[in-house]
Amino acid sequence: MIPPRPSVRIPPHSAMELVDKNYDPRKVEARWNSRWEEGRYFHAALPSSRPTFSIVIPPPNITGSLHMGHALNVTLQDILLRWRRMRGETVLWLPGTDHAGIATQNVVERQLAAEGLTRQALGRQAFVERVWQWKETSGGMILNQLKRLGASCDWARLRFTLDEGLSRAVREVFVRLYEDGLIYRGERMINWCPRCRTALSDLEVEHHEVAGKLYTIHYPLADGKQGITVATTRPETMLGDTAVAVHPEDARYAGMAGKRLRLPIAARLIPVIADAAVDREFGTGAVKVTPAHDPHDFEIAQRHALPRVQVIGEDGRMTAAAGSHADKERHVCRHDVVKELEAQGFLVSVQDHRHAVGHCYRCKTIVEPLVSLQWFVRIAPLADPAIRAVQEGRITIIPKSWEATYFDWMYNIRDWCISRQLWWGHRIPAWHCRACGKMTVAMKDPASCAHCGGGIEQDPDVLDTWFSSALWPFSTLGWPDETPELKAFYPTTVLVTGFDILFFWVARMIMMGLRFMDKVPFKTVYIHALVRDAEGQKMSKSKGNVIDPVEIMDQYGTDALRFTLAAMASPGRDIKLSMERIEGYRNFCNKIWNAARFVLMNLPENFRPAPLPDPAEFLISSKWILSRLHECAEFIQRDLDEYRFDQAAHRLYGFTWHEFCDWYVEMAKNDLAAEPRREETLSVLMTTFETLLRLLHPFMPFITEEIWQQLPREGETLLLAGYPTVPLKWGKKDQTAEWVIGKMIEIFTNSRNLRSELRLPPSVELDAVIAAGPMTAGTSKHWLKYAKKLARLNILEINEDADKPRGSATLILSDNDKVYIPLAGLIDVHSETQRIAKLLEKVERNLKPLEAKLSSADFQSKAPPDVVAKTRQQLEDLRSKHLQCRKELEWMNEITSTNLPEGTSA
RNA sequence: GGGCGGAUAGCUCAGCGGGUAGAGCGCUGCCCUUACAAGGCAGAGGCCACAGGUUCGAGCCCUGUUCCGCCUACCA
C-alpha cells in the first residue's frame, strides 16, 4: 500500500479513495445515480431554444426483469443520449413500461391459483383491481434495474401503456379507425391458444419444426366400394370433415367429384369436391376438408359452401360434435381416433413426417386454428404509406440490410387480429345492442344503442398489447392533445431496438405514426443484435445459459458491462458474450482509475486548470499527446455519427491504454521531474485526461463522473460538461510531433526487443550509439531525455556518420537509421549472427512480393501513381535494411574468421 | 419452400469506396521499475471455408459449392 502523499487531494465527499489501488464500482455507482436524479439532469426542460434529440424507450414488460437484451438496448441508447446532452442539446429519453396483457394476466392468475382462486371466481372488476395491485407492488422492478444501468431517462415523464393518457390515445385511435372503416369485426380463422384462451395475431404464433406423423386414411364411397385415400397430420380433425377435395384435372380422381364418401367413425356422408388449390403432388393428391380447423380448408369451404363442424373447442377438448370422442383432450383424441381407424381397417399407413407446428409465443402451447368472431385492423391502407416512408428515405433503417426484411413483411402483410379474450388491457370501446344487434363505437361510454336506443352491453374483449405500443411515440408525448412535448420531440430522432420486434412494434409504430401524426415517428431506426451466450446459443431460462446483467454489474461494475456491450455491438452481428471479455473491460476501468491516481497524485494542492499557452512552444510529448487526442476525438465524433459504438469503444480503449498510459504518462513522469516544464506538463496532463473523461463518459458514466468530480474543475457534473468536438480548443494535429515520437517509439521498441531476445534483465542499462539519417538526428534532441527511463538506454552519441563501436549489436531501422548497442562481455558473436540472420530472413520474405510487384510493367502503368510511389518507398526502405543486414553478417563473419575463439565478444 | 446473415490468429470479433492481414482475451519468456500484477516489457501464432472468374493486384467485387445460424411460410 502506498502511503498517501501530502499533495494528494481527496475531496471530502469522496467515498472512493485514491489510495485504493483497485477501482471498486460498488462504492461509486449507487451514489452517482441518486445525485444525478436529485439534480434533475435527465429532465428535458421546455421550452427550449436548443436543438432537440429524443428517443422513446422500447417499453419493457412490467412482468419482466432485466436481461442482456435490455442491457444492450439501454446502453446504446444511453450512449447516444449522454453524448447529445453533453453537446448541449435538449435531450429527452422517455421511459415507460408495457402492460403485457397475456403475460401479466398469467402471472396474477398463477397467484390466484396458489390461493385456490380463479379469475372467474373473482369476477372481472375485482380481478383487474388485483392486477393493478400487483403492478403497483411488483411491476417496477425493471425500472430500478434500468436505473442501475445508468439509464439517463427523464423519469418525471414515465409512462405506462395502460395509464389514463395512453388509454385515451388508444380509444381515440380505435374509434377513428373504426369510423374510417379500418377496424372491423368478423368471423375468421384465427390462431387460438387453448391454454391462454384467447385469440392471437399471426405474429404471436411461433413455428417450430416437430417430428410428427403423416397418416393416410381410407374413406370408402357411400356404396361401400372403392373410395379415396387421404393424408393428414391431424387425424382427430377428421371428425369434423365435411368434404374431400381433389384437383379438377387429376386423372386419378376423374369422375369422383360429386360422389359421396362415408366418413369413417363418424359415419356421416361427405361429398368429393374439385378444387384447384389441391396439390396433386402431396400425399395421395386428395385432401380431407375440415373447414372449422384449418385455414386452408376454411377457404375451400367458403368456395364450395360447405358446412363447418367444429369438433375442437376453445379449451382444446373435443366438442359434442365429435360424438363418442367428445370431451377428450385433442391429443388424446388423436391417439384414440388412430386406434379406432386401425381397428376398423381404415388406416392405410403411418409415416414419420417433420413439419412446422404453431405454438403460442407466450406459453408454448400448440395453437389451434379456430373460426371465431374477432376484431381486425384492415392493414393494407396503413401499410402503403409506411412502405413509402422507408423507400423515400424519411426513415433510415440501420443496418440497411433490414430494409429488405421490412419491405418483405409489409408487402405480404395481412389483417391484424387485435381482440384478445383477456381481462387485462384496453377494453374495446364497442357496445352491442340487445335489441337491434347493431354496434355502437364511441369516444364516450354510451348509455344506449346509437341506432335504436335499446339496451347495450360492452364488448368483453381487450386489445392486443401491441395496439397500444404502436402509438407509443406520440401517445407518450400527450397525444391527442397538442402538447409542447409533442411539438418539441415528435418525430423522435432515433429508435433503438432489436430485430425481433421489427414487425411487432417498429412497423406498426410507423403505420400509426403516419396515420395519426401525418409524420414518421422516428427518423432513424437503429437495429442492434441479439445477445447470445459464449457458445452462440440464444439465452433462455429453460436452457439455463442466462447471464444475468445484474449479477455482472455486482461482480464487475456497470461501466465494465456497458463498455463490453458497446464494444461488441458491431452492426449486423449477434453478440456472443463471454466473461473473459467483461473481465477485460473491468481491467480497463481499473486502468482508468489508476491513470487518475497518477494525475491526482501529481497535482499540487492549489492547482487550477488554466487555458493552455501556445502549443508551438510545447515539449514534443505535449504536442504529441494533444495531436493524438485530437485524432481520437475526431474519430469518436465520426463513429458516433454513424452509430459505430464498437469502433468508438475500441478507439477509446486504444487511445487510453496504449497512447495515453503506455507512452504519454511515461514521458510525463520525466517531464514533471524537470522543473522548467513542470507547469506545462501538469496542464497538458490534466487537460488531456479531463478531455478523455468527457469522451469516455457516455460509455462509462460512473467511473468518469467519480474521477471528474475529484479533479479540479468547473461545473457541477460531467453530464453537462461539453463533449469534445473537433477542432479542439487547444492542440491540433501535429504531423511532425507524430513523426518524431513515432521514431522514438521505433528505437525504444527495437532496443527493448533486443534486450528481451538476449535475456538481458531490465535492470541493466545499455549504452547506445545511433547512426541516424538527418531527420532522425535533427529531431532526436526532443526525446533523448526519455531514453533512460523508457528504454533503459544511455545514448552516447547520435550522429549521421557515427561509427559502430566494437562488439555492438546493431538494430536496423527504417529511414536507414541504425542503433549500435555495445555488448562487450554480454553477448557472443554466434547469437548476434543468428539474430541478424533471422531479421534478414524476415526482410527477404517481405522483399520478394514487393519486388515482383514493382517489376511488373502492368503495375507501373496501370496502378495509381500514389500507390506506385508508396510501394517504391517501401521497397527502398526494405532494401536498405536488407543491405544493412548483409553488411552486419559479413562483418560478423570477418570477426569469426580472424580466429576469435567461440564465445568471445564481437 | 422463400429470404437474410456468417465462415479471418487457440477463443470472441474488427477490417469490405480492392494496394504486403488487425484488436481484445488466451498462450510463451522476462520483470513486484513508488499510477496500475485487474500491471509492465517483449514474443509466438493466419493459404482470410472451398472452387472458379474479374483485375496490374482480391478476406474485400462476381458466380457456384459446402457447412453453421436466424427470419419467414396454411404443403394437408
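Proteins come first, then strands; the chains are lettered A, B, ... in the order of their sequence lines, and each starts at number 1. Model, not experiment: these values are computed from the prediction.
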Applying a 4.0 Å non-hydrogen cut-off, can you work out what A/Val665 is touching in the nucleic acid: base, sugar-phosphate, or nothing? base

Taking the C1' atom of each, how far is B/rG15 from B/rU34, in whole Å? 41 Å

Phosphate OP1/OP2 of B/rG39 contacted by A/Asn594 side-chain N/O (<4.0 Å): no

Distance, nearest 0.5 Å, that separates CZ of A/Arg586 from NZ of A/Lys591: 14.0 Å

Rounding to the closest angstrom, what is the interatomic distance between B/rG22 and B/rC16 at atom C1'? 14 Å

Just to confirm, is there a sub-4.0 Å distance from OP1 or OP2 of B/rC36 to any side-chain nitrogen or oxygen of A/Lys21? yes

Would you mind classifying the nucleic acid contact of A/Arg759 as base, sugar-phosphate or nothing, using non-hydrogen atoms under 4.0 angstrom? sugar-phosphate

A/Asp662 has a side chain; which of B/rU72, B/rC13, B/rC41 sits nearest to it? B/rC41

Using the C1' atom as the reference point in each nucleotide, state the distance between B/rG59 and B/rG6 in Å, no decimals. 13 Å

Anything under 30° is parallel, anything over 60° is perpendicular, the rest tilted; go ahead and classify A/Trp657 against A/Phe588. parallel

Is B/rC47 in the syn or the anti form, by the rule that syn lies within 90° of 0? syn

With P as the reference atom in both, quote the distance from B/rC41 to B/rG24 in angstrom, rounded to an integer. 11 Å

Once you apply the 3.5 Å cut-off to both distances, tell me the Watson-Crick or G-U wobble partner of B/rA14, or none. none

In whole angstroms, the gap separating P of B/rC36 from CG of A/Leu600 amounts to 14 Å

Give me the distance, rounded to whole Å, that separates B/rC25 from B/rA37 when you measure between the P atoms they each carry. 16 Å

Sugar-phosphate only, base, or nothing, as touched by A/Arg586 at under 4.0 Å among non-hydrogen atoms: base

Per-nucleotide protein contact string for nucleotides 14-21 of chain B (B base, S sugar-phosphate only, - none; heavy atom under 4.0 Å): SS---BB-

Counting only Watson-Crick or G-U wobble pairs whose two distances fall under 3.5 Å, which nucleotide matches B/rA21? none

Once you apply a heavy-atom cut-off of 4.0 Å, does A/Asp279 come out as touching a base, just sugar-phosphate, or nothing? base

Checking all strands, does A/Glu666 fall into the base, sugar-phosphate, or nothing category for heavy-atom contacts under 4.0 angstrom? base

A/Trp657 side chain N/O closer than 4.0 Å to the phosphate oxygens (OP1, OP2) of B/rG40? yes

Heavy atoms under 4.0 Å, any strand shown: does A/Cys661 hit a base, just sugar-phosphate, or nothing? base

From CG of A/Asp297 over to C1' of B/rA76, roughly how many Å is that when rounded to an integer? 7 Å

Which sits closer to the 5' end of RNA chain B, A/Asp858 or A/Gly285, going by the nucleotide each is nearest to? A/Asp858

With a 4.0 Å cutoff (strictly under), does any side-chain N or O of A/His353 reach OP1 or OP2 of B/rA76? yes

Under 4.0 Å, heavy atoms only, any strand: does A/Tyr653 hit a base, just the sugar-phosphate, or nothing? sugar-phosphate

May I ask you to say what A/His293 touches in the nucleic acid, namely base, sugar-phosphate or nothing, with a heavy-atom cut-off under 4.0 Å? nothing

If every non-hydrogen atom of A/Met189 is compared with every non-hydrogen atom of A/Pro295, which pair is closest and at what distance? CG-CA, 3.7 Å

Please give the nucleotide sitting opposite B/rA42 as a Watson-Crick or G-U wobble pair, both distances under 3.5 Å, or none. B/rU28

Show your working on side chain to side chain donor-acceptor pair (under 3.5 Å) between A/Gln860 and A/Arg872 and close with a plain yes or no. CA-CA 10 Å; A/Gln860 301 273 11; A/Arg872 188 165 285 135; 3.0 Å; yes

Within the structure shown, what part of the strands sits under 4.0 Å from A/Met189 by heavy-atom distance: base, sugar-phosphate, or nothing? nothing

Centre-to-centre under 6.0 Å for A/Tyr585 and A/Tyr556, is that the case here? no

Under 4.0 Å between a side-chain N/O of A/His355 and OP1 or OP2 of B/rA76, yes or no? yes

Apply salt bridge (charged side-chain N to carboxylate O under 4.0 Å, His left out) to A/Lys842 and list each qualifying residue two or more places apart in sequence or on a separate chain. none

A/Asp20 CG to B/rA35 C1', straight-line distance once rounded to whole Å: 13 Å

How would you label the glycosidic angle of B/rG59: syn (within 90° of 0) or anti? syn

Spacing between A/Leu758 atom CG and B/rC30 atom P, to the nearest angstrom: 15 Å

Could you label the plane-to-plane angle of the A/Phe660 and A/Phe689 rings as parallel, tilted or perpendicular, counting under 30° as parallel and over 60° as perpendicular? parallel

Which of the following nucleotides, B/rA76, B/rC74, B/rA35, is nearest to the side chain of A/His207? B/rC74

When both distances are under 3.5 Å in a Watson-Crick or G-U wobble arrangement, the nucleotide paired with B/rC50 is B/rG64

Could you work out the separation of B/rC67 and B/rC32 based on their C1' atoms and round it to a whole Å? 49 Å

So, OP1 or OP2 of B/rU34: does either fall under 4.0 Å of a side-chain N or O from A/Lys669? no

Contacts of type salt bridge (charged side-chain N to carboxylate O under 4.0 Å, His left out), residue A/Asp639, not counting sequence neighbours: A/Arg651

With rounding to whole Å, what would you report as the distance between B/rG5 and B/rA42 at their P atoms? 41 Å

Strictly below 4.0 Å: does A/Arg752 bring a side-chain N or O up to OP1 or OP2 of B/rC30? no

Distance between the P atoms of B/rU65 and B/rC70, in whole angstroms? 22 Å

Would you call the rings of A/Trp593 and A/Tyr23 parallel, tilted or perpendicular if under 30° counts as parallel and over 60° as perpendicular? tilted

Mark yes or no for a side-chain to base donor-acceptor pair under 3.5 Å between A/Asn22 and B/rA38, with no hydrogen or angle criteria applied. yes

What closest approach, in Å, do A/Ala566 and A/Phe699 show between heavy atoms, and which atom pair accounts for it? CB-CD2, 4.0 Å

Using only side-chain N and O atoms of A/Asn587, determine if any of them is under 4.0 Å from OP1 or OP2 of B/rG39. yes

Please determine, by modelled atom types, if A/Thr871 and A/Gln874 share a side-chain donor-acceptor pair under 3.5 angstrom. no

State the pairing partner of B/rC4; accept Watson-Crick or G-U wobble contacts with both distances under 3.5 Å, and report none otherwise. B/rG69

